[in-house]
Amino acid sequence: MNVMLYSMEIAMVLSGLGILMLDLGTPARGKRDLGYLAAFLMSLLLLQSVFMPEVQDGFSLLSSGHSITEGPGYKLDAFARYFKHLFLLAAILVLLMAVDFAGTLRARLAEFFALVLFALTGMSAAASATNFITLFVSIELITVSFYVLTSFQRGQMRSLEAGVKYLILGAAASAVLVYGIALVYGATGSMEFAALGKACPSAEHDHLLRLGLLLVIAGLGFKIAAFPFQIWVPDVYQGAPAPVTAFLAVGSKAAGFALLMRLCHHLRPDLRELTLTVLAALAGATILYGSLCALRQRNLKRLFGYAGIASAGYLLLGLLALNAQPGASPSGAQGCHAMMFYLAGYLIAVMAAFTVLCHLDGEDEDLSVLAGLHARSPLLATVLTLSVVSMAGLPPLMGFLGKFLLLQSAFEVLSPHPAQLWLMVVALGGVVISLYYYFGILRAIYWGGGISPGRPAGESEAITVPPLARLLLIACGLILLWVGIFPQALLEWLGDAVALFR
Amino acid sequence: MSPLTLIWLVPLLMALVLLALPARHTGLIRRLTLVATLLPLLASVLVFATLESAPAGRGTLATAWAAARSQSPQFNEAAAPLEVQYQFKYTERTQWMPSLGIGYHVGVDGLSAALLLMATLVAFAAACCARDVTARQKEFHVLLLLMAGGISGAFVSLDLFGMYLFHELALVPTFIMIGVWGRGENRNYAAYKVTLYLSAGAILVLAGLIGLAQFCRATYPSSELSGYNLLELYRMLSETHGTGLGEGLRPLILPALLLGFGILVSLWPFHTWAPLAYASAPTATAMMHAGVIKKFGLYGMIRVVLPLQPFADATYFWWHLLLALGLASLLWSGLVAMRQKDLTGMLGYSSVAHMGFVFLGIASLNLVGLAGAVLVMVAHGLLAALSFGLAGHLHAQCRTLEMARLGGLLREMPFVGTALLMALLAGCGVPGFANFAGEITVLFGLWKSQPAATVLACWAALIISAVYMLRAVRQVLHGPTPAVHQAYVDATTWNERLPYVLLLGALLLLGVFPRLITQKMNRCYQPTMTDKGLHAAHPAPR
Amino acid sequence: MTDIGLPHYLVVSAGLFCTGLLAVLLHRGLIEMYMGLELMLNGANLALVAFSRFHGNLDGQLMVFFTITVAAAEVAVGLALIVALYRQRQSTDATDITSLKL
Amino acid sequence: MPESLLITLPWLVLLAPLAAAVAILLRGRMSSASSAALSIGGVLLSFIGSVGLWVACRGKGVPEHPLIWLQAGDALAAGSLTLSFGFKLDDLSLWMLLVVTGVASLIHIYSWGYMREDRAIPRYFAGLSLFTFSMLGIVMAGNLVQLFIFWELVGVSSYLLIGHWFERPRAADAAKKALIINRVGDLGFLIGILMVWSITGTVGLGALAEKLAVNPELLGTSATLAGLLIFCGCVGKSAQFPLHVWLPDAMEGPTPVSALIHAATMVAAGVYLLCRVFFLFTPDALHVISWVGGGTALLAALIALQQDDLKRVLAYSTLSQLGFMVMAVGLGAPSAAMFHLSTHAFFKALLFLAAGSVIRALHHQQDIWKMGGLRSRMPVTFWCFLIGTLALGGLPPLGGFFSKDEILAHALTHNRPLFAVGVCVALLSALYMFRVVLVVFGGASRDVAAGRAKESPAIMWVPMLILAALSAGSGALVAVDHPFGVFPSEIHPPRLASLWAMLCGTLALLLGAALAWRFYRGAAVDPLPLQWGVLARTMRQRFYFDELYLWLNRWSHELLSHMSDFAERWLIAGAGVRGASGLALFAGSALRLLQSGNLQTYALWMAAGLLLLLYLFL
């Protein structure tokens, strides 16, 4: 049994616990440094994993020299490794954002950082899950840590309310998930995803399996905020503190999609037919719901919530490609390839946007908070513009390539059966509708709030951005622009990450 | 490094340089912008001039200079076979996204060289006319350079993905420019309307391109052909005669592309954004948009949709539809222009009407009509830029463009008045200007296949355009000067007059020597557009 | 009397699951909703144990261990949250906490 | 004349005025004297060149060297279009060159005197030169498209000249009206060209003539239609019956402009076009043309009788004489038409210049009933005006007699009713011309300004004397055989017919003069309205054509534009765009209401979603 296989998760948990221990010793002033420490540890882990991958599978204690990447319910392949790096990057950005955001969190900073690390552990475990037990455990680890994180600002009613809502609905979803797992286990007799590939002995087994599968998809649907289960997103995004919302929007959604990808990969051809129709319906409805609701939205966080729902819809399009052809197929790989690229772009854009939000003083994040931002702080304005335009999917930024790849794989799947034309129309329409609210943000920055260009911006004071955050923002902006124009490096890296599906 | 890369790269790099400059050096910023638009202009003039003698295939400024002197077309051994077959010059090809099969591939033939020259000239004129922007010049000039670089790149790129990407660069700048520096009270509505219309058109085009690429990969599963390269698309179409374009969603590729490009160019039912946008945009943006960015849709139609014609749709249904819509935009916008009270509103609708001519030229499906369409595109680009530039100057002086409240400006401002008079006369097709040459060629081209439509087009070209243009001249330039008015300042200094003189000169030069363009146009080989092929496919009525 | 087979257990677990679900939907109090949630989880556990017995391998029971521990964690965190809410709002009624909307 | 000179001379003749116009425009603030000198120099250069060409090439014609102007479609295929720029100089165009440049030079010199105190002389002379360039372009055009190009340029330059005093609303409106109505005519002309091109494949005049000579039935059924469409161009430019309303309003421009454009050259271009493409017309096309010409002549003569404005009388008289020429072409006698065109150019220019000197002397007073008794005060102008009137009326030794009677002879042999119309027009012409002579120059001066009128300076009456001599001597042309080139199927009328025509013509002149003497000798006010009542009033109101066209326009063009503007604002922009975006925004706000904030409803929505999912996909 190769212990090193789980070294990344172990490292994350140990550093979380370490932070908690250190918290006893550090004086009140030093609490922020814990955040920097946590971020530093995670970046160490990230660098190690990127540049020295053989540490994980190289010197396995008992095995005969060749690297074992398999464990019970756990698999560390290029696909999992890519997602782990995504989650590590997200966690680092959230930790640094939380340090600057510490002013509003006030008490118990160490617990905040520790919980972020625990949630990170859950996500990286989810990336490697190959059986339902690991799936359930990782999902629950993420959810429970987010219960606490969303309600972290005890003093404010909003945070508590968000926490409670997320708690009740999250618990209901996980109950549905467990029941689904039970039925699938009942039908296939084994917890492994691979078991889904075998044929069912009898008809009612098959019927049970279908019901179980639908319930599992429903449970995961809650995580990725797909249409019927996205009702919690706006309130929780608005109530939770900004770093948590960002982490929730990116981390838990990516974990949900990683699990769905692995799950769909193992499905039997007739099950694939079922999931194809289900996911097509979900995708169309999610895009429509997310785009339409955001049109009239004035609150920034809720706006990003609805935008997140819409992007979940687009990601589901990628998932369709996986289910179109039986077994491993080039178009399936292309679908996942597009999803993973889109997730990377989405992560950086959301993190940049929320970092900017943290630095905007303004209790209720209404659009008018952004008024005159171009004058008050050109850096924040430019980075927010870049992230919004990338989310809108306009060239030459990363988001455009993500959406382009998704549309390409969706078209690959849909062109043989013209009946699915409505989905293409909805997807294209969604992009156009989304421009309305994304450009509403641009309008708020550059000429919103009745600030005519002539009026000197001196009245509303300039925002000073701390040096580390400034560096972070510039880095995010540059990544969005650079990868948008020269994506070849990332595309190749994704190429072998998707080898599993080809 | 082919001169074409230089043409679109210089403005974008200068935009980055300007970003670094502090905002208070407005003079320096304006001069740098002028330089950043002048260099591409000179390069595109050189490219246009030496187009015949330059060797097909890879070419740099040095080979262009040598070709210019030697006057004899040399053979360039490094040229790729496809580039030689389709006579693309000054090409350059590098890897960009090999795993997606998308490469950076630029090249120019008669059609794109003419449009490129017009684009860079209008960009330079727009940079000169950006003088009337007083607030936040730095951001304005950065966005203007972004637009100029983007559209030049779109005209030279032979890779459909690159062409799309370059064109989309202009979307966000347009929104911000109309919103921040726009005119009139409903500029917010105008900004949103323009952006949503253009992105809807662009997304349709993207869907069409993806479909096309997917069709290419389906017919050539083995080769690493990506389907986004234009030349490979031509080769594939001529080899397989588009057999696979029938099943699945593929019959929708042609209409999607046609509709998408149509929306980008304000085809009739989707044209309401154009007049509103040009009326409320600042001068430079209106010049760039009405003059150049609008022509991308037409360029795309000629480059991508026209070669699909004989295969994708044997019944010519879509082309008859395009003809009908083109005729509708010609007549409808002309008639609506007669009722406009605002000068820029009238100019906006007249530019929609002129686009009607180009649609007719394209829908006539023969080389004569196509040559006319290109001529009208180039001529209208110069004319729209000139008239919106002058309208901008008038707006700066009289604070209003309500035609009823203006009058007798020919006496107040002799230079600007004469220039506007010549622009409006060129608009209604007076010979000597390039518009007439283009319109008459389109009419000749169209008569063969659709005599009835041509009669209506003649009526629109001669009568309707004369009525609204002369009505504008009568109200704005002629007649007694209005009672209440302060002294209007005419464009006296040279750098104020330069853009107008340049544009007028180009209009007159192309009006007297349209051969400069048509000669290069005929040389540019349209894969399926040989007259024999077309006439066989499209029998003349008699 | 026929011996108790797998379907019987499934019916009971489905019954438990549905009653839990109805409890969550109908009750306004947060605590009652929370009880409903636990009921749904235990319904699922019952199904898992039944299938594990029926299939003869222990995976199902292994899963039950994890579900129980997770449910425990959830309860701990949930109740702490509801207590904090009560201290803030003096009521655990779902209809009071509607400040985040639209 | 050496070969190379033969090639460059036509270019010199054509481009000299253009060079003058461009020089004046580019120079910006140029002094009036230098701009006048440039312009007059340019037109004189053209005149000398034309004389040289006429002398060298009469009978032989000049070899054609067309330059390719525009070439679309691959050259060899049938559908391709090759438009070239070349000159067709045969006897017809050479003679027309002489007439145009001659009259234009005299008028340029006269304008220098007439426009002395105007504020915008450079702009005036630039316009004049531009007009001369375009007119020469029409005369020398080698193919139909080139002819159409200069046809439009002539229209535009007349627009600029009529609207010279653009501050005056009436002048600006008149200019706009003139150009738009011209373009209505040009529409027909363009469609005609397109039709001819699509059938024969070429627009070159020479090539067309050969093709039709080889196969007369080439144009087949649409030959008449093509001919009539091209005739529309002439109707528009020469202000024939349906499109004649713009010429009288064009009198708003300066008088030399009226003289040059609306008497001698521009309006004659239409007749020249008919002669140039005479081989295209089929017999029944010619029949229509003759009746349109006759109708216009009669109508204009009637209207001229009751006009009080001196220049308007002359304008309607021009209309009537043009009708005469078009009738001549219609009767199959283009050389008679050209003969009358030449003589008419001289004496009508003379009449306009004389009218100009009268108007300038009376400080821009144009109403003839405010003049009178100018015979003694302005003797030279009086005698010139009298010679012009007699030439127009057709007094035997003068030019008008020969040209008009040749037309009447043709009318007699071919179309008796038209002969009657012709004689009646001759009578009416004499009547309204002598009415003007008697009212303006005879009797006592009816106004203080007329009392103090002085003779115009030499620079004005010298060109008038030259024109008087020309119009008197132009009759000699009858002696020259085929001065205007040979035309197919043109037969000379028998001796008896021409004698009989001469007799009737002279009789009509004498009768008209007598009637005028009886009505207008010493008359203080116009007696005709009292005697002829309603007929006089309708003639004074120009048969209400202006009102008719206004009504017609309002119910066609304006109605269409109102409808499309309404539909644009409400249907496309309103219902289409705002509707769609409104729907999306409404759907957005409706869906947002789902987020009621209540936890229970959320749980309910989730459960409902789950059940829906299961129901749909199980």
Side-chain angles (χ1 to χ4, degrees), chain B residues 193 196 269 271-272 276 331-332 335-336 338-339 366-368 370-372 408 410-411 414-415 418 425 429-432 436-437 440-441 443-445 447-448 451 454-455 458-459 462-464 466-467 470-471 473-474 477-481 513-515 518-519 521-522 530-532 535 540 542, chain D residues 25 28 68-75 77-81 83 119-120 123 145 148-153 155-156 159-160 163 166-169 171-173 175-176 179-180 183-184 186-187 190-191 194-195 197-199 557-558 560-569 572-573 576-577 581:
Chain B
K193 193 170 187 179
L196 289 181
H271 65 288
T272 47
L276 190 65
L331 298 173
W332 181 280
L335 290 170
V336 172
M338 281 156 71
R339 293 263 72 78
N366 57 48
L367 278 176
V368 174
L370 190 63
L410 203 53
R411 175 159 306 293
F415 178 81
T418 326
L425 286 180
V430 159
F436 172 79
I440 197 118
T441 320
L443 292 176
F444 270 102
W447 182 272
K448 268 271 192 274
T454 323
V455 169
C458 289
W459 170 45
L462 286 177
I463 314 282
I464 297 183
V467 168
L470 294 181
R471 212 170 263 183
V473 169
R474 168 66 186 78
L477 295 174
H478 289 179
T481 47
F513 300 107
R515 210 154 47 90
T518 52
Q519 200 176 340
M521 251 302 288
N522 302 342
T530 51
D531 252 347
K532 291 178 290 309
H535 271 285
R542 213 130 356 261
Chain D
L25 266 181
I68 296 225
W69 176 59
L70 180 136
Q71 203 272 323
D74 44 14
S80 78
L81 170 74
L83 300 178
R119 274 205 309 246
R123 180 156 56 81
V145 170
F148 179 77
I149 287 174
F150 286 103
W151 198 259
E152 292 256 330
L153 278 178
V156 169
Y159 166 78
L160 294 173
F166 54 79
E167 297 89 1
R168 291 198 205 137
D173 291 339
K176 174 157 76 74
L179 186 53
I180 289 180
R183 289 184 83 124
V184 170
D186 296 353
L187 173 65
L190 181 59
I191 294 174
L194 284 173
M195 197 180 272
W197 173 72
S198 70
I199 297 165
H557 242 231
E558 301 301 321
L560 270 175
S561 74
H562 275 293
M563 268 164 33
S564 44
D565 182 51
F566 175 81
E568 168 89 4
R569 221 160 334 147
I572 298 181
V577 175
S581 57

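In what follows, chains carry the letters A, B, and so on, assigned in the order in which the sequence lines appear, proteins first and then strands, with residues in each chain numbered from 1. The basis for the numbers below is simple: all heavy atoms, side chains too, and nothing from hydrogens, waters or symmetry mates.
The contact between B:Pro269 and chain D is made entirely by backbone atoms, counting heavy-atom distances below 4.5 Å. Contact of D:Leu190 with chain B is made through the side chain alone, with heavy-atom distances under 4.5 Å. With a 4.5 Å cut-off on non-hydrogen atoms, D:Val156 touches chain B through its side chain but not through its backbone. Looking at B:Arg411, both its backbone and its side chain come within 4.5 Å of chain D, counting heavy atoms on both sides. The parts of D:Ala567 that come within reach of chain B are both its backbone and its side chain, each placing non-hydrogen atoms under 4.5 angstrom from that chain. Using a 4.5 Å cut-off between heavy atoms, D:Phe566 makes no contact with chain B at all. If you measure heavy-atom distances from D:Arg183 to chain B, the contacts under 4.5 Å come from both the backbone and the side chain. Using a 4.5 Å cut-off between heavy atoms, B:Leu443 touches chain D through backbone and side chain atoms alike. Both the backbone and the side chain of D:Met195 have a heavy atom closer than 4.5 Å to some heavy atom of chain B. Neither the backbone nor the side chain of B:Phe415 comes within less than 4.5 Å of any heavy atom in chain D.
If you tally non-hydrogen atom pairs under 4.5 Å between each of D:Asp565, D:Asp186, D:Val145, D:Ile180 and chain B, the highest count goes to D:Asp565. When B:Thr454, B:Ile464, B:Leu462, B:Val336 are compared by the number of non-hydrogen pairs under 4.5 Å with chain D, B:Leu462 comes out ahead. When each of D:Leu83, D:Asp173, D:Leu153 is scored by its heavy-atom pairs under 4.5 Å with chain B, the top score falls to D:Asp173. Of the listed residues (B:Pro480, B:Gly372, B:Ala466), the one with the most heavy-atom contacts under 4.5 Å to chain D is B:Pro480. Of all the listed residues (D:Arg119, D:His562, D:Glu152), the one sharing the greatest number of non-hydrogen pairs under 4.5 Å with chain B is D:His562.
One distance of note links CD1 of B:Ile440 with CG of D:Leu70; it measures 9.5 Å at 0.5 Å rounding. Atoms CZ and CG, on D:Phe166 and B:Leu477 in that order, are 8.5 Å from each other to the nearest 0.5 Å. Distance check: B:Phe444 CZ to D:Trp197 CH2 gives 6.5 Å after rounding to the nearest 0.5 Å. Distance check: B:Thr272 OG1 to D:Arg569 CZ gives 13.5 Å after rounding to the nearest 0.5 Å. Here the CD1 atom belonging to B:Ile463 is positioned 5.0 Å from the CG atom belonging to D:Leu187, to the nearest 0.5 angstrom.
For the pair D:Tyr159/B:Val473, a side-chain contact is recorded, criterion being any heavy-atom separation below 4.5 Å from C-beta on. By the 4.5 Å heavy-atom criterion applied to side chains, D:Ser561 and B:Val467 are not counted as neighbours.
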Between D:Ser198 and B:Trp447, is a side-chain hydrogen bond (donor to acceptor under 3.5 Å, both in side chains) present by the stated rule, with each step listed?
CA-CA 7 Å; D:Ser198 70; B:Trp447 182 272; 3.2 Å; yes
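With salt bridges taken as basic N to acidic carboxylate O contacts below 4.0 Å, none links D:Glu568 and B:Arg339.
Annotation for B:Phe513: atom CZ does not count as buried by contact number, only 12 or fewer foreign heavy atoms lying within 6.0 Å.
Residues meeting the side chain to side chain donor-acceptor pair (under 3.5 Å) test with B:Trp459, sequence neighbours left out: D:His557.
When every heavy atom of B:Pro514 is checked against every heavy atom of D:Trp69, the shortest pair comes out as CD-NE1, 3.1 Å.
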